[in-house]
Structure formats: C-alpha cells, structure tokens
*Asks:* 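Attaching a single structure in structure tokens format; questions to follow.
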Protein chains: 2
Amino acid sequence: MRMTEVDGPVTGDAGRAAAAGAVLLAGDDLWSDLPPTARAIVVAAIDSFADRGFHATTLRHIAAGSGLSTAALYVHFRSKDDVLFEVSRRGHARALGLVRAAAAGEPAGHAFRTLVYAFSRWHAEQRTVARVVQYEFAALGPEHREQVTVLRRATERIVREVVAEVFGGVDPERPDVRGVATAVLSLGVDVARWFTPSGPYTPDGIGRLYCELAERMLVPARV
Amino acid sequence: MRMTEVDGPVTGDAGRAAAAGAVLLAGDDLWSDLPPTARAIVVAAIDSFADRGFHATTLRHIAAGSGLSTAALYVHFRSKDDVLFEVSRRGHARALGLVRAAAAGEPAGHAFRTLVYAFSRWHAEQRTVARVVQYEFAALGPEHREQVTVLRRATERIVREVVAEVFGGVDPERPDVRGVATAVLSLGVDVARWFTPSGPYTPDGIGRLYCELAERMLVPARV
DNA sequence: GTCTATATGACGATAGAC
DNA sequence: GTCTATCGTCATATAGAC
C-alpha cells in the first residue's frame, strides 16, 4: 500500500485538502541521498530513539539494528549526538517544508485545511521520525538545538500567518490567531505521541479529522 | 499569587467553566502526606525527570537536588524506578480525579467545558509533574506501566462519555465522539510539552482558550 | 570500512561506620 | 537515617589488525 493515498472521497473542503495534502506527502524518504550504511545507521537510530528515547538508546542498540559493531558507527558519524542532530535537522526541515508548501495554496481557507491535514498526517505516518523531532529536542546539544529552533520558529510563524489570512489579513500576533495556531500545531505534534498503526485511525483519517475540527475553531474572537 | 485563582471574568459559559475548574484545582499538592525527606527526593526527582527525562537523570542529580547522598536515597526508595512510579502513579491519579470530578457536573455542556478547562490548566500549572506523567510513561517497568495504564484508560473513557452525553447520549465509541475526545485530551497533554510560565499564556488563559476551542468542535458528524 | 579488544569514566546500587 | 567508600556493570569512544 502506498502511504500517500487518500482513503476517502475527495469531494468537499476536507476532501480537497486531503488530496492536496497527499501530494505534499508523496515519496517521503528523508534519507535517500545517504550512502547505504549511513542510511542503515540512521534508520536503526530512529527506531531506537523513538522507542526508548535518545538517552536510553545505547550505541549497541544502534549497532545491532544496523548490523554493525559499535566501532564501525564512528566511520559514519562522529558521535551519538551527531546522529540525533542529523535526524532532528532533516525531520524539522521536512515538517517546515510541508507547512510552507501547504501555506502557498489559495485561497487561505484551503491553505489552512491542507496545512492541518498534511501536518497531522505526517506525524502519524512518520511517527518515529516525528517523535524524535518533537520529543528529543531537549536532548540536542546547545548549538544543535539552536539551529533546529530556527526551523521550529519558522514553522510556527507560517501557521500564524495562514490563520491570520483566513481571518481576513489581521495581525498574526493577535491572541485569537495565536491561539488557533498553537492548537493546530499542538494537535498535530501530539499525534506522534499516541498514534499507532494498530489503532482505530489511519493517517489519512487523522488528517481529515483534525482538518475538520481545526476548521470549526476558525471563529475570530470578539476583540 | 495563589495558583488557583481565575484571571478573567466568570460570566459566560467559559467563565463558569473556569470558576468550576479552579475549584477542582485548588490546593494541588500531591505530596503533602509524604515525610519531609521523601518529599524532597520526589520533588528533586520530578524537576530532573521533567528537565532531562528519566533516563538522563542520575541518582547523583536527585541526591544533589534533595541535599542527600546517593546512598541515603535508598532508605526512602528501593530504586530509581520506584521514584518514577510514585510520581507517575500519583500524577495519573490526579489527572483522572480532575476529569472525573468535572464529568460529574450538570448539564453535560458545563461538564465538558469544565473538564477541558481543568485538564488543560493542570498540564500548564503542574507541567513538571505532567511531563513525567505523559512523557516518561514508556520508561516505567512493565508491571508499573500496566497499573498506570488502567488510570489512563479510565480517563479516556470518561472523556468519551462526557462528549457522548453532550451529543445527546449517543454511543461513546462513535467515531465523531472518539475524535473530539482524542483531540481535547491531546490538546491538554501537549500543553505540558510547550508551556512555559515565561510565555504569553497563563494557565487560566490556556484553560479558557481550549475550553472555547473545544466547544466549537462540538458539532456531531453526519453519521 | 569493518572487526576485536580495550581505555576511561559514570552509572545504579551496596557495605559498613557513625 | 546519613555518610564515605566502593563494587560490578555498562556506557561512549578509541587503537590497531585485517
């Protein structure tokens, strides 16, 4: 099964957002440019980071998962911290890319729905990477954390701008705009915590649900 | 400043929910029955678990935070894991208690708003405990995790039942009911990840915001 | 580029004096 | 109940053979 198919009908606002979001998520392989061994290491690391967390993951876990000895890991990465940074950086860049691409749509309402759909669905579909991105942020070293923070802030700003546009081009820092932006980001992020493919939801289903719920939040506050 | 005061007006649905929720949150000290030393250990452990995570926390951190040697910790707890369980168990029980108390309100719409308000606000106000509860769940040993899972499931069930009641006494397992229940729990839980007292929100403000946004989600799906 | 073997240090937990 | 001292283990990272 291709992960980027849309399960339900594409009619209606949510359906159109689902179709547009599915396009943005197509061919999601963050590691295709890495040499095979480095790629195997990263994949094994993500699995263990997502399962156990960065600090509970040992080099022996990563080595076993990638079929190497712990010593061989150092040929491809300078430290365990560097592996985390590579995963976190690319994951954050991907999330930002999704949000940015969705925000480019027209009209603003469609951009908003596509953004919520794609962001939520990505956190379900790529939940192992997303867990590392969202929950191992604090495990990054100070300078790595700073670099990643730039990507996080950019993502948040775009979401606020899209919401502000939906509200008719108001100030993106207005409290009601910030409130909706915080909520939709929060809903999407938390998917990585609770989602499991064996549960009642599909990634597409989550995307559609949150797309629908988020749209209902779009009532400007009486300011 | 007392943490249980309500910042804004208590008129309107959200204001009444805020007032009712503030009562449920009053006097929130989970450790008042512990002997002073055990209490100091737990408090130091929570701070470190919330900051660094369970696995990155060493006994030396906890010892330093509580003004003891590592050896003295063993007089009060059998292991590091036991400290985590104590924190997690009480925290989960508190969250369940809040949700249960809110759910007892009438009418269902008021119960729902109070629940969302209290749950979100608790995750902001008690964000260190809440982080341990929500993000160190996987670090618990198998049998401890099982005990805590019972509390988590009970919390989820109550939220679904309240939403089902708001929808007119429908089946709590109906997808649209589950969807709203998942979303409001998710919004509340994620507050513990991003909230900081130095940010633009107060715990009361978060509670009110999510109370408002959650209410807007309450449109039964066309089933 | 991969391996085995190992250096160095920190970990959780314990022993035994006070 | 607290301490200092330490045990046994496993962590990250390196050395050097192939």
*Asks:* Looking at C:dT14, D:dC3, C:dT2, which one has an atom nearest to any side-chain atom of B:Ala72?
*Replies:* D:dC3
*Asks:* Take atom CD1 of A:Ile62 and atom P of D:dA13, then tell me their distance rounded to the nearest Å.
*Replies:*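 Atom-to-atom, A:Ile62 to D:dA13, this comes out as 10 Å.
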*Asks:* Heavy-atom nearest nucleotide on DNA chain D for B:Thr70 versus A:Thr70: which residue maps closer to 5'?
*Replies:* B:Thr70
*Asks:* Check this one for me: any side-chain N or O of B:Ser69 less than 4.0 Å away from OP1 or OP2 of D:dC3?
*Replies:*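 For D:dC3, OP1 or OP2 has a side-chain N or O of B:Ser69 closer than 4.0 Å.
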*Asks:* I need the CG-C1' distance between B:Leu73 and D:dT4, as an integer number of Å.
*Replies:* 15 Å
*Asks:* Of all the choices, C:dT2, D:dT12, C:dG12, which nucleotide is nearest to the side chain of B:Lys80 once you look at every atom?
*Replies:* C:dG12
*Asks:* Using atom OH of B:Tyr74 as one end and atom P of D:dT4 as the other, report the distance to the nearest whole Å.
*Replies:* 16 Å
*Asks:* Give the rounded distance in Å between these two atoms: CZ of A:Arg52 and C1' of D:dA11.
*Replies:* 14 Å
*Asks:* What nucleotide, of D:dG1, C:dG1, D:dT12, holds the atom closest to the side chain of B:His76?
*Replies:* D:dG1
*Asks:* Does a side-chain N-to-carboxylate-O contact under 4.0 Å join B:Arg157 and B:Glu161?
*Replies:* yes
*Asks:* The side chain of A:Ala71 is closest to which nucleotide in this list: C:dA13, D:dT12, D:dA15?
*Replies:* D:dA15
*Asks:* So does A:His55 get a side-chain nitrogen or oxygen closer than 4.0 Å to the phosphate oxygens (OP1/OP2) of D:dA11?
*Replies:* no
*Asks:* Roughly how far, to the nearest 0.5 Å, is CD of B:Glu125 from CZ of B:Phe195?
*Replies:*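 Going from the CZ atom of B:Phe195 to the CD atom of B:Glu125 covers 8.5 Å.
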*Asks:* Compute the centroid of each ring, for A:Phe137 and then for B:Trp194, and state whether the two points are separated by less than 6.0 Å.
*Replies:*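 When the ring centroids of A:Phe137 and B:Trp194 are compared, they turn out to be at least 6.0 Å apart.
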*Asks:* Just the rounded figure in Å: distance from C1' of D:dT2 to CG of B:Leu59.
*Replies:* 16 Å
*Asks:* Remember a base hit wins even if backbone is also touched, and classify B:Thr37 as base, sugar-phosphate or nothing at under 4.0 Å, heavy atoms.
*Replies:*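 The answer is sugar-phosphate, as B:Thr37 gets under 4.0 Å only of primed atoms, P, OP1 or OP2.
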*Asks:* For A:Leu68 and C:dT4, what is the distance between atoms CG and C1' respectively, to the nearest whole Å?
*Replies:*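 Rounded to the whole Å, the gap is 14 Å.
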*Asks:* Taking the minimum atom-to-atom distance to the side chain of B:Arg60, which one of D:dT2, D:dT6, C:dT2 wins?
*Replies:*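 Out of D:dT2, D:dT6, C:dT2, the nucleotide with an atom closest to B:Arg60's side chain is D:dT6.
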*Asks:* Charged N to carboxylate O under 4.0 angstrom, A:Arg193 versus B:Asp190?
*Replies:* no
*Asks:* Taking all atoms of both residues into account, what is the closest heavy-atom pair of A:Val10 and A:Ala19, and its distance?
*Replies:*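 Nearest heavy atoms, A:Val10 then A:Ala19: CG1-CB, 4.0 Å.
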*Asks:* When the distance from NE2 of A:His61 to C1' of D:dC10 is rounded to whole Å, what number comes out?
*Replies:*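 Distance check: A:His61 NE2 to D:dC10 C1' gives 11 Å.
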